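Counting starts at 1 for both ligands and their atoms, in listed order. Note that the structure is predicted; figures quoted are calculated from it, not measured.
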Amino acid sequence: MNAPDPTQCRWHVYADKAALQDAAVSAILDSAALSIRERDRFNLVLAGGETPREIYQRLRSAPTDWSLWHIYFSDERCVPPTEAELNSHMAGEAWLDHVPIPRTQIHIIPSGPRADKAAEEYAQTLRGVDPFDLTLLGLGKDGHTASLFPGNEWGVAPDSPDTLAVFNSPVRPPQRVTLSVARLNRSRQIIFLVSGESKRRAVARWRAGEHIPARAIMGENGVDVLVESSLLS
Ligand code: 6PG
């Protein structure tokens with residue numbers, strides 16, 4: 001990774017998905033080692049969606065002190081707790097159910113029918129967790145990230161709430177909870193994981209400077225975007 005620059009969006013290009021996943025696993029473990037060395041704790045925010053699945057699976061065998069990891073989520077779908085489409089369900093099945101991170105240190109966003117109630121509850125969970133050490137994010141084909149969608153409130157102003165309730169997601173389910181831009185930006189490091197042909201247009205819009213939600217994200221030391229080379233040609 002390049003030297004951190006608070007204003008820079010750094011694009012890291014990889015020949016294929018496997019190389020991107022290798023880089024992501026290394027970056028996550030490097031961030032964990034640094035945070036644990038400096039603060040005896042690693043506050044990590046997980047991206048939802050499918051892109052991170054194999055990266056999470058590969059973390060199962062990581063040589064690390066899991067007792068110092070604290071897991072948070074960038075967003076969650078408001079569906080019954082048994083639903084497989086929950087981001088916390090994917091992370092658990094792929095990784096968290098297979099490592100000894102204390103269950104009290106895995107902070108899932110409450111699922112269920114009420115996005116506004118879940119958002120309020122999660123805002124309480126986030127109190128005092130500032131900044132995150134590393135935030136992982138995905139990119140939607142419309143340029144969304146987390147559950148920050150075009151045309152909605154993104155919570156950019158520094159005094160924005162930490163969490164937002166979404167009732168009109170264009171990607172099912174309609175109700176979601178998302179961390180705000182302001183809260184996501186309070187991260188020492190932010191890494192986007194961008195893979196898959198469906199992201200081509202969103203990547204082009206982002207690099208052309210268009211006002212998409214992903215572009216509003218800027219951590220304390222900039223942003224690192226891991227992207228497959230095929231999406232840039
Ligand atoms: C979600 C995610 C969302 C996701 C992107 C990319 O709940 O869906 O938080 O922001 O990261 O939509 O999803 P894929 O990785 O499945 O392409």
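Heavy-atom contacts from other residues, nucleotides or ligands closer than 6.0 Å to CZ of R60 number more than 12.
Residues E76 and S88 bring a donor and an acceptor atom of their side chains to less than 3.5 Å of each other.
Using a 4.0 Å cut-off between charged nitrogen and carboxylate oxygen, E121 and K117 count as a salt-bridge pair. Here R186 pairs with D162 in a salt bridge; the nearest charged N to carboxylate O distance falls below 4.0 Å.
Qualifying salt bridge (charged side-chain N to carboxylate O under 4.0 Å, His left out) partners for R205, counting only residues two or more places apart in sequence or in other chains: E210.
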Give every pair formed by an N or O atom of ligand 1 and a protein N or O atom closer than 3.5 Å, one pair per line with both atom names and the distance to 0.1 Å, or write none.
| residue | atom | partner | partner atom | Å |
| --- | --- | --- | --- | --- |
| ligand 1 | 7 (O) | D75 | OD2 | 2.9 |
| ligand 1 | 7 (O) | R77 | NE | 2.9 |
| ligand 1 | 7 (O) | R77 | NH2 | 3.4 |
| ligand 1 | 7 (O) | N87 | ND2 | 3.0 |
| ligand 1 | 7 (O) | R176 | NH1 | 3.2 |
| ligand 1 | 8 (O) | R77 | NH2 | 2.8 |
| ligand 1 | 9 (O) | D75 | OD1 | 2.7 |
| ligand 1 | 9 (O) | D75 | OD2 | 2.8 |
| ligand 1 | 10 (O) | A146 | N | 3.2 |
| ligand 1 | 10 (O) | A146 | O | 2.6 |
| ligand 1 | 11 (O) | G48 | O | 3.4 |
| ligand 1 | 12 (O) | H144 | NE2 | 2.7 |
| ligand 1 | 15 (O) | E50 | N | 3.2 |
| ligand 1 | 15 (O) | T51 | N | 2.9 |
| ligand 1 | 15 (O) | T51 | OG1 | 2.6 |
| ligand 1 | 16 (O) | E50 | N | 2.8 |
| ligand 1 | 17 (O) | K199 | NZ | 2.7 |

Checklist line | Step-by-step side chain to side chain contact (heavy atoms under 4.5 Å, CB included) determination, T64 to I36 | finding: CA-CA 10 Å; T64 184; I36 288 169; 4.1 Å; yes
